[in-house]
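Comments concern the structure below.
We name chains A, B, ... by the order of the sequence lines, and we start the count at 1 in each one. No hydrogens, no waters, no symmetry mates; every other heavy atom, side chains included, goes into these values.
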Protein chains: 2
Amino acid sequence: MTEEPGRRERKKAATRRHIADTAREMFLERGFDAVGIREIAAAADVAVTTLFSHFPSKEALAFDEGQKREDRLVQAVTGRAPEQSIPDALREHFRAVVEDFARPAAVIFWRLVDDSPALREYASTMWQRHEDALTAVIAAELGLPKSSTTCRAFSHYVLGVYPLARESPDPMAAVDEMFDLITPGWIEIDVSGFHGAARSAPQPYHGAESS
Amino acid sequence: MTEEPGRRERKKAATRRHIADTAREMFLERGFDAVGIREIAAAADVAVTTLFSHFPSKEALAFDEGQKREDRLVQAVTGRAPEQSIPDALREHFRAVVEDFARPAAVIFWRLVDDSPALREYASTMWQRHEDALTAVIAAELGLPKSSTTCRAFSHYVLGVYPLARESPDPMAAVDEMFDLITPGWIEIDVSGFHGAARSAPQPYHGAESS
DNA sequence: TGTGAAAAGCTAACGGTTAGCGTTATGGTT
DNA sequence: AACCATAACGCTAACCGTTAGCTTTTCACA
């Protein structure tokens with residue numbers, strides 16, 4: 001898995017990065033909707049089909065790190081410190097995410113997103129995919145079925161922190177406020193493991209299903 | 001507002017209904033993705049531009065009652081019985097919604113939705129719009145700013161019931177399970193009004209902002 | 001060096017959506 | 001009763017994201 005990449009894959013990765021960088025520049029300069037796929041391909045000096053073999057959609061060009069974001073979220077749960085509860089691990093994770101949002105580059109990026117309906121929608125469906133991934137890890141950690149209502153309800157609630165933090169004047173406070181609302185009494189039905197002694201379930205989680 | 005419509009508007013409404021009915025039939029018969037806009041327009045005997053002057057997108061043809069659904073949701077809060085709390089009113093509302101889902105026509109409709117990625121995505125962004133509307137009513141009812149974190153968190157949690165109920169083997173139980181998790185202790189921060197004596201705030205709500 | 005496979009390319013199209021512009025019907029006003 | 005502003009509808013032609021089909025280049029490995 002973590003072998004040296006080889007010339008071929010290095011070139012592929014380079015092409016991919018080059019396309020994404022070119023697109024990002026153009027988006028930031030002229031706005032997402034004002035830049036066409038054919039233009040991007042021309043500017044990056046690749047064929048349109050090549051572009052689409054690297055990215056599933058135009059929006060994915062802007063949200064290149066979307067998958068990484070999901071992986072980090074899953075990691076926050078599976079790789080949390082022993083004796084740390086899942087809610088606590090998630091709170092910590094989202095505090096870090098929110099700090100990242102404050103970076104100047106991130107601020108500019110999210111302004112770009114806000115200016116384009118297409119990107120806004122893409123972002124919100126992204127949170128939803130994360131929701132599914134989070135549900136799967138938590139269910140696995142607790143030994144529950146993936147379809148568990150409480151797991152899904154919990155994941156859904158937690159992922160709501162993304163839009164909330166983004167639109168709040170004080171994102172860090174919003175994160176804390178949301179997680180403070182998760183009281184030990186909140187999850188009442190047969191899943192005290194949510195808050196109780198952490199990491200009791202030994203089931204390993206084999207990564208999210210990338211599309 | 002509720003005057004007699006006049007010939008012009010009656011014709012317009014008739015055209016709209018005719019287009020929607022034609023489209024629905026074709027979708028149910030051949031599937032959403034297998035029917036093209038140009039076909040629908042031809043079958044309804046209107047121009048494509050006319051079709052798009054009535055509906056903002058192809059998906060909106062299938063989800064024609066989306067706006068009504070949102071209105072009913074808002075109504076469930078503003079028009080609830082005196083002394084009924086907001087969570088209780090919403091529980092009642094969603095129990096009714098879930099019952100509606102069990103109607104044979106509804107079952108067929110939702111199968112259609114499940115079979116098309118485009119419609120699935122449209123549905124989930126629809127819940128999100130409802131989320132904004134619900135946040136606005138609740139904030140208005142409680143005299144809070146629309147951007148209140150707790151209001152948004154609460155609305156977000158509640159709207160999660162839609163996908164949850166749809167994918168649950170026992171939707172009614174899922175609804176109850178979700179609302180049972182909303183304990184009086186859940187909303188702790190300065191908003192005990194969520195569960196407390198209902199309808200104390202007299203602010204009228206002037207309907208959702210239709211696009 | 002040869003070979004199979006992955007990566008990249010080209011052309012052409014498909015399907016949703018919109019712009020531009022013209023025509024007709026309707027409702028309200030003088 | 002004549003009139004005008006405007007809403008509703010229509011036609012044509014395109015734009016834009018995306019994909020299929022097929023050829024060419026590049027690399028890994030024998």
[X] [atom1] to [N] [atom2], straight-line distance once rounded to whole Å:
X: Phe55(B); N: dT18(C); atom1: CZ; atom2: P; value: 15 Å
X: Arg7(B); N: dG28(C); atom1: CZ; atom2: P; value: 11 Å
X: Arg10(A); N: dC27(D); atom1: CZ; atom2: P; value: 10 Å

No-hydrogen, no-angle side-chain donor-acceptor test under 3.5 Å, Gln84(A) and Glu92(A): yes
Mutual orientation of the aromatic rings belonging to Phe27(A) and Phe32(A) [parallel < 30°, tilted 30-60°, perpendicular > 60°]: tilted
Plane angle bin for Trp127(A) and Tyr162(A) - parallel if under 30°, tilted between 30 and 60°, otherwise perpendicular: parallel
N/O donor-acceptor pair under 3.5 Å between Thr15(B) side chain and Lys11(B) backbone: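 Such a contact is found between Thr15(B) side chain and Lys11(B) backbone.
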Side-chain (Ser116(B)) to main-chain (Val113(B)) donor-acceptor, under 3.5 angstrom: no
Electrostatic pair Asp114(A):Arg120(A) at N-O distance under 4.0 angstrom: no
Lys/Arg N to Asp/Glu carboxylate O, Asp88(B) vs Arg80(B), below 4.0 Å: no
Selection: residues 37-52 of chain B, any non-hydrogen atom under 4.0 Å of DNA chain C: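 Heavy-atom contacts with DNA chain C come from Ile37(B), Arg38(B), Val48(B), Thr49(B), Phe52(B).
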Residues from residues 11-35 of chain A lying under 4.0 Å of DNA chain C - heavy atoms: Lys12(A), Thr15(A)
Under-4.0 Å side-chain N/O to phosphate OP1/OP2 contact, His54(A) with dA8(C): yes
Proximity of Phe109(A) and Phe63(A) rings by center, below 6.0 Å: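 Yes.
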